[in-house]
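Given the structure is predicted, the values throughout are model-derived calculations rather than measurements. For reference, positions follow the sequence shown, starting with 1.
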Amino acid sequence: MTPPSDGASPSDAELEQLRLRQFLGAMLPIALAYFAVYGALALLLHSAALAGGAVAVLPYVVALLLARRAARRGEVRRAALLTGYALLLMVALGAVFLHFLLGALLLIPLAAVAMLLPQLEGRALSRFLVASFLVELWVVLWDGVAPPLLPQPPLWLQRGVLVSAVAASVALTLRLLWVDARRLRQSLSGAEAAVRLRDEFLSVASHELKTPLTPLRMRLHGFGRDLARGAPPERLRTHVEVMERQVRRLGDLVNTLLDVTRLGSGRLELAPEPVELGALVREVALRFELEAEQAGVQLEVAPAAPVVGAWDRLRLEQVLGNLVSNALKYGAGKPVHLSVDAQDGWARVAVQDAGIGIAPEAQARIFGKFERAVSERHYGGLGLGLYVSQQLAQALGGSIGVQSEPGRGARFTVRLPLQG
């Protein structure tokens, strides 16, 4: 039930940082080059227009340097806003001096909008769009209607600068759109994978929920039939025990699904209390005694010194119960060992079996949601036990690790902090 994924596909946040890094990485040398060229040509040609162009580019160079610093601190939105508004300021100032750059100055605000769209929403985006429109209107009125304020540089220079400015604006806009298209493709792929995962999960979940209902229904019929016939109490008690076991299994499945929902929404509540870990492990082993006997597995609890900590007893019992249940399921009928110890401020509970083991490539993903190391056709289950256990262990301040080799069993170790 593992959704197809591309290990090289970046997340949405990484793509947003990528497009900002690409923009800053490309624009800083371009802005520095234009500042240097405008300044040098202004001196050589004694052009006040080009000197004004250099003045217009200078604030943008400073804004790019500040934005790079903000981006390194992870302040992506602030960096994008800084460069976006600085671009508009540069265009507004450039329109006053560089009359011949009308086409390029109209394109640059569009590049700024393309850059900021993924980072802004709501009022912030509306304000920037309004500012971009006003700057475009300013450029049209100043350069498209009014005559030049200052004498413009030679025609050959005007054409060269105009071509380079338009090319830079178009190239940057297309680059940003390419990153956006890549993110859209990834989002669509993720949505399709989520739908497939949901369908597969519903199929497995419906099967798992039906599994205890079938023997429960049969036992109910048998119980009613034997009750009508006046069967002895021992036979009726057997029916009741089997029905109780199936109802408990059904309840465990429902509770697991509820826990996944609580963990996903951050609504899991813990009630820490003093817990003696060794005693709790023995209680869990006792609860699985009948299941171990039916599986022909010897469940052993190693003696240990008392280990006391402040944890949620019910949630910790749930974690250990999941690990013991897995050990009995995948232990191939061989003994399962439970041990408790404490070291360097951490309590540890180890659940070790000698069963089928886990392949190295599967160990990295078995704690994921709906993940499993074996086929559900042979072992059943929702693929949620280890996910819930790891999430609960982390909520308790600890973690779960695994050591295993195929065919040589598995050892799961729960680490819990002794100090809250």
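With hydrogens and angles disregarded, no donor-acceptor distance shorter than 3.5 Å links the side chain of Ser325 to the backbone of Gly321. Between the side chain of Gln390 and the main chain of Val388, no donor-acceptor pair closer than 3.5 Å is present.
For the atom pair Leu149 CG and Leu98 CG, the distance stands at 11.5 Å (nearest 0.5 Å).
Closest heavy-atom contact between Pro29 and Leu24: CD-O, 4.4 Å. Residues Leu299 and Ala292 come closest through the heavy atom pair CB-CB, 4.3 Å. Of all non-hydrogen atoms in Leu93 and Ala56, the two that sit nearest each other are CB-CB, 3.6 Å. Closest non-hydrogen pair, Gly53 versus Phe97, comes out as N-CB, 4.1 Å.
Screening residues 92-105 for side chain to side chain donor-acceptor pair (under 3.5 Å) gives His99-Asp143 as the qualifying pairs, with residues at least two apart or on separate chains. Applying the side chain to side chain donor-acceptor pair (under 3.5 Å) test to pairs two or more places apart or on separate chains, those with a residue in residues 332-342 are Glu300-His337, Asp341-Arg348. Sorted by first and then second residue, the ring-ring contact (aromatic ring centres under 6.0 Å, His included) pairs involving residues 113-165 (not counting sequence neighbours) are Tyr85-Phe128, Trp138-Trp142. Applying the ring-ring contact (aromatic ring centres under 6.0 Å, His included) test to pairs two or more places apart or on separate chains, those with a residue in residues 34-79 are Tyr34-Tyr38.
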Just do the side chain to side chain contact (heavy atoms under 4.5 Å, CB included) check on Val319 and Arg315 with the steps written out, would you? CA-CA 6 Å; Val319 171; Arg315 292 303 183 182; 5.7 Å; no

Could you check Leu323 against Leu386 for side chain to side chain contact (heavy atoms under 4.5 Å, CB included), going step by step and ending with a plain yes or no? CA-CA 8 Å; Leu323 295 180; Leu386 288 177; 3.7 Å; yes

Glu283 vs Leu280, test: side chain to side chain contact (heavy atoms under 4.5 Å, CB included). Steps then yes/no. CA-CA 5 Å; Glu283 290 175 15; Leu280 182 62; 4.0 Å; yes

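Taking Arg73 as the reference, Glu75 meet the side-chain hydrogen bond (donor to acceptor under 3.5 Å, both in side chains) condition, with sequence neighbours excluded.
Screening Asn326, Asn322, Leu320, Val414 against Ser389 for a side-chain contact (heavy atoms from CB on, under 4.5 Å) leaves a single residue, Asn322.
Residues Val324 and Arg287 have side chains not in contact (no heavy-atom distance under 4.5 Å, counting atoms from C-beta outward). Between Pro153 and Leu41 the shortest side-chain heavy-atom distance does not fall below 4.5 Å.
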For residues 396-410, which side-chain N or O atoms pair as donor and acceptor with protein atoms under 3.5 Å away, sequence neighbours left out?
residue : atom : partner : partner atom : Å
Ser404  : OG   : Ile358  : N            : 2.8
Ser404  : OG   : Gly409  : O            : 2.7

